[in-house]
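Here's the structure, in structure tokens; my notes come after.
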Protein chains: 2
Amino acid sequence: MSKPSPTARERIVAGAADMISRRGLNATSIREMAKHAKAPLGSTYHYFPDGKQQLATEAVRFTGAWVARSLRKELAAGPVAGLLAFLDLWRGIVVDTDFRAGCPVLAVSIEEPPVDETPAALLAAAEVFEEWEGLLAGSLREHGAEPEQAAQLATLVVAAVEGTVAMCRAKRSTEPLDRTAEQLRALIETAIGKR
Amino acid sequence: MSKPSPTARERIVAGAADMISRRGLNATSIREMAKHAKAPLGSTYHYFPDGKQQLATEAVRFTGAWVARSLRKELAAGPVAGLLAFLDLWRGIVVDTDFRAGCPVLAVSIEEPPVDETPAALLAAAEVFEEWEGLLAGSLREHGAEPEQAAQLATLVVAAVEGTVAMCRAKRSTEPLDRTAEQLRALIETAIGKR
DNA sequence: GCTAGACTATGACGGCCGTTATAGCCAGTG
DNA sequence: CACTGGCTATAACGGCCGTCATAGTCTAGC
């Protein structure tokens, strides 16, 4: 019992992240999110008074923090270890869900915002990408990469992994992840001057 | 008048591709697709008797063929030229739509399929990715890359570009595309032994 | 025990969804 | 001219949507 059982609020956020990662934001209804978390519909508007946007925003941040935690931990062993952890994390999600789930941050990123304002969830998605890139770029710099090279490579890694996960879902195969992993691993090893 | 004015059917397919690339499949209604193409709702079910799935499938194939055409043409000048054309094509879409549209193939790829079958549109998305990868890989092999290296690199390029486009939308900036472009260009030049 | 405040239960609101059915128009062929 | 077949127009079907309102239940602190 080192971990307290999650509150209803936490269950809703985690469940929302899962459902958004499967169907996208617009296609996920608040009723389904509530049911998925075994919470009453009224509770979602109690915990998230700003409605769907707030819930989506928290789901994005929840996923962002979860991945960043894993990334931070594994990057202690170097950029290649971090990359492999990043890849394995997404590979696990894709395989465990039989190619039905992906990344909720990506899902939120590709929904058209209204003309007049930028939704909070989209801003959160941008921040999450920025955080992941920052972690990778920092580790690359620490291991000898030039700052600009590190920034470019970090962006490439995040983008490639996100895109690869989507391709794996379409093809119902992990082969794209295998190929991307090999290329990125070699690229990082070169960038940090491993020989 | 070298090009005949598009038929209503073509307008619907092209419009559907555009709308799916903005909002995702589930969030795009048939009524809106019809209105966007200035076609009556009844016509969509006349031209596409199998409904939304058929329309989505044709939209994916339409985009796939359009991109493949551009890719084939530019790859004649070598893999780097092909990469730059691929990047510029998506950059144009993202910029021209003020970061509101992306790739409809990616959008279709990240929608959860029903438990019992795989939707036609998802199969089409997998085929389109395969086609783009094949074109790139073929050009890389022709310019001296090892077959396995070519296949891996082609997958990385497609995945990275798709992911980068999504990141650009979230950040409302083309900087991710600039970074990814630089990294991929260098990578391809190395792979084909340019010096 | 009592009360305040956190949470739940329930139902309603207008609105859009995918799909189907049916009747009408209107070109082109004979 | 009639008429056929491609296309349109219109309405309807059941169903789910996001959101809000209201009344009920439960628990913690006095």
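The chains referred to below are lettered A, B, ... by the order of the sequence lines, with proteins before strands, and numbering in each begins at 1.
Residue-level contact check: B:Glu32 touches the backbone only, with heavy atoms under 4.0 Å from sugar-phosphate atoms and none from bases. Note on A:Tyr45: a base of the nucleic acid sits closer than 4.0 angstrom, heavy atoms only. Using a 4.0 Å heavy-atom cutoff across all strands shown, B:Thr28 reaches sugar-phosphate atoms only and no base atom.
Among C:dC7, C:dC17, C:dA12, the nucleotide with an atom closest to any side-chain atom of A:Arg31 is C:dA12. Set against C:dC7, D:dG18, C:dA9, the side chain of A:Pro40 has C:dA9 as its closest nucleotide.
Atom-to-atom, NZ of A:Lys52 to P of C:dC16 comes out at 15 Å; the value is rounded to the nearest Å. Rounded to an integer number of Å, the gap from NE2 of A:His46 to P of D:dG18 is 20 Å. One interatomic measurement links the two molecules: NZ of B:Lys35 to P of D:dA9, which rounds to 13 Å at whole-angstrom precision. Rounded to an integer number of Å, the gap from B:Leu55 CG to C:dG18 C1' is 12 Å.
Helix-axis bend for the helix from C:dG1-D:dC30 to C:dG30-D:dC1: the local axis fitted to the five terminal pairs at one end deviates from that at the other end by 10°, rounded to 10°.
No hydrogens or angles considered: a donor-acceptor pair under 3.5 Å links the side chains of B:Gln152 and A:Gln183.
A donor-acceptor pair under 3.5 Å is absent between the side-chain atoms of B:Arg179 and the main chain of A:Leu153, judged by distance alone.
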Step-by-step salt bridge (charged side-chain N to carboxylate O under 4.0 Å, His left out) determination, A:Arg61 to A:Glu131: CA-CA 11 Å; A:Arg61 284 206 241 270; A:Glu131 181 181 19; over 6 Å; no
Between side-chain atoms of residues 134-146 of chain B and protein atoms elsewhere (two or more places apart, or another chain), which donor-acceptor pairs fall under 3.5 Å?
residue  : atom : partner  : partner atom : Å
B:His143 : ND1  : B:Ser139 : O            : 2.9

